[in-house]
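In what follows, a single structure is set out as structure tokens and then discussed.
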Number of protein chains: 2
Amino acid sequence: MDPRRTPGQRAGLTRGAVLAGARALLAERGLGALTMRALAERLGVRPNTLYSHVADKDALLEELVDDALAVVPDPAGDADWRDELHRLMSASHRALLAAPELVPVTLGRGSRGPQAQRLGRGVTELLARGGVTGAPAREALRVLVLYTIGFAAFEVRPGFPDADPDERRTELGGTYDRGLQWLLAGIAGGRTGSG
Amino acid sequence: MDPRRTPGQRAGLTRGAVLAGARALLAERGLGALTMRALAERLGVRPNTLYSHVADKDALLEELVDDALAVVPDPAGDADWRDELHRLMSASHRALLAAPELVPVTLGRGSRGPQAQRLGRGVTELLARGGVTGAPAREALRVLVLYTIGFAAFEVRPGFPDADPDERRTELGGTYDRGLQWLLAGIAGGRTGSG
DNA sequence: TGGCGTACTGTACGCCGTCCAGCTATATTG
DNA sequence: CAATATAGCTGGACGGCGTACAGTACGCCA
């Protein structure tokens, strides 16, 4: 508890504890308050101690972002590929909204962690099940992913719609679904033809 | 040129010059290098001088973002509304890519400046011309805007596609267009029916 | 029991955005 | 043309940031 500790004495800090503390700090006080110094203080430790567990702040953020996607399930085996795709993307969307402060980071920094890659594989697999492969599949994947993250980013930003913040969440959620359906229809429709 | 100037002597700095300098610095050395101190040095001025022309760094960025959209034209009077909508969004997309470093800022900070509002009015007008009004129009506007900005953000991020950076630009540009067409088709298709 | 790896510390460096008080070149007024 | 107000610019500083370096003392294993 007390950070006043003689050198060499251990606080029993682990990498996981650092990440958990960062998540808590993020949730409670926002992205702007997530500073290495504040995180250290919350953990009862000097700031530089964090660097024994994390490469630097960027790496920490990247890991947080990727972890946020861990709750998204893998695609089920037998359902219709379009329904499944909708479910998968919608789950991702919800996962992002559950950690609103991280969304701008996601967009800004890219996120190529294991969870993001897993999600990519899932989408690709579903597309293949629907007969979409190769370059069109990569196209579709890109469109879906960025639409989802982009939408989440806007949902998270204050002041975008002029309506009451009450309606806002509901209305935006519906809007996301609508756009997603349009995209899925386009993907499915372009499956055979076009050039 | 020489910032070594006795107090009171004027550098002839204007608000426009500050913005222009910021744009140049951004283009040459990236967002990370756009610091009030660096900007001041480039302008031959002490850092605090900037605050005589700009409220703070946030305001400066916001203005830069909005200005980037100034090159997007208003919709023409007589063309097909879908073609026109495509042209408008595509122009916005290109405008954003012309200032890549600003895209993350756009998404992160929101951008409600005059240019953004003008663009919003243009889109709304075109949608109305196609018979899309009210809540569906707001939905469509949101989807189009965030798709465009979101896509630009991903295009700007390094390392997203696994291909050569050469093909990348071309392929991504085509992907943007494809997705945009899907969305426009969905918007036009949902015009009369659906629930 | 002794040595070693390492979690942790004190301290400090070089950045950052921004504020305050003062000075003076310029614009404004008579 | 002289007196005054305005406002552009400065030196200097404050508090905060991420992070590096070198040292210390604990826990573990031989």
Please report the distance, rounded to the nearest Å, between [atom1] in [X] and [atom2] in [N].
X       : N      : atom1 : atom2 : result
B/Arg46 : C/dC20 : CZ    : C1'   : 17 Å
B/Leu50 : C/dG17 : CG    : P     : 10 Å
A/Leu60 : D/dC17 : CG    : P     : 15 Å

| field | Residue pairs, two or more places apart or on separate chains, that pass salt bridge (Lys or Arg N to Asp or Glu O under 4.0 Å) and touch residues 125-135 of chain B | value | B/Glu125-B/Arg129
| field | Contacts of type side-chain contact (heavy atoms from CB on, under 4.5 Å), residue B/Asp80, not counting sequence neighbours | value | B/Arg82, B/Asp83
| said: Checking B/Leu146 now: which residues fulfil side-chain contact (heavy atoms from CB on, under 4.5 Å) with it, not counting sequence neighbours? | reply: A/Tyr147, A/Phe151, A/Phe154
| task | Evaluate the criterion side chain to side chain donor-acceptor pair (under 3.5 Å) for residue pair A/Tyr176 and A/Thr148; output intermediate values, then yes/no. | result | CA-CA 8 Å; A/Tyr176 170 79; A/Thr148 298; 2.9 Å; yes
| request: May I ask you to evaluate whether A/His53 reaches the phosphate of C/dC8, defined as a side-chain N or O under 4.0 Å from OP1 or OP2? | output: yes
| query | So, is B/Ser52 near the phosphate of D/dA7, with a side-chain N or O under 4.0 Å from OP1 or OP2? | reply | no
| query | Would you find a donor on one side and an acceptor on the other, under 3.5 Å apart, between the side chain of A/Glu63 and the backbone of A/Leu19? | reply | no
| said: Keeping A/Asp66 on the side-chain end and A/Ala116 on the backbone end, is there a donor-acceptor pair under 3.5 Å? | reply: yes
| Counting only non-hydrogen atoms, which of residues 11-22 of chain A are less than 4.0 Å from DNA chain C? | A/Ala11, A/Gly12, A/Leu13
| note | Applied to residues 25-34 of chain B, the side chain to side chain donor-acceptor pair (under 3.5 Å) test, sequence neighbours excluded, yields B/Glu28-B/Arg42
| said: If only side-chain N and O atoms count, and only distance matters, is there a donor-acceptor pair under 3.5 Å linking A/Gln181 with A/Arg178? | reply: no
| task | Determine, for nucleotides 18-27 of chain D in 5'-to-3' order, which nucleotides have protein heavy atoms under 4.0 Å from the base (write B), from only the sugar-phosphate (write S), or from neither (write -). | result | BBBB--BBB-
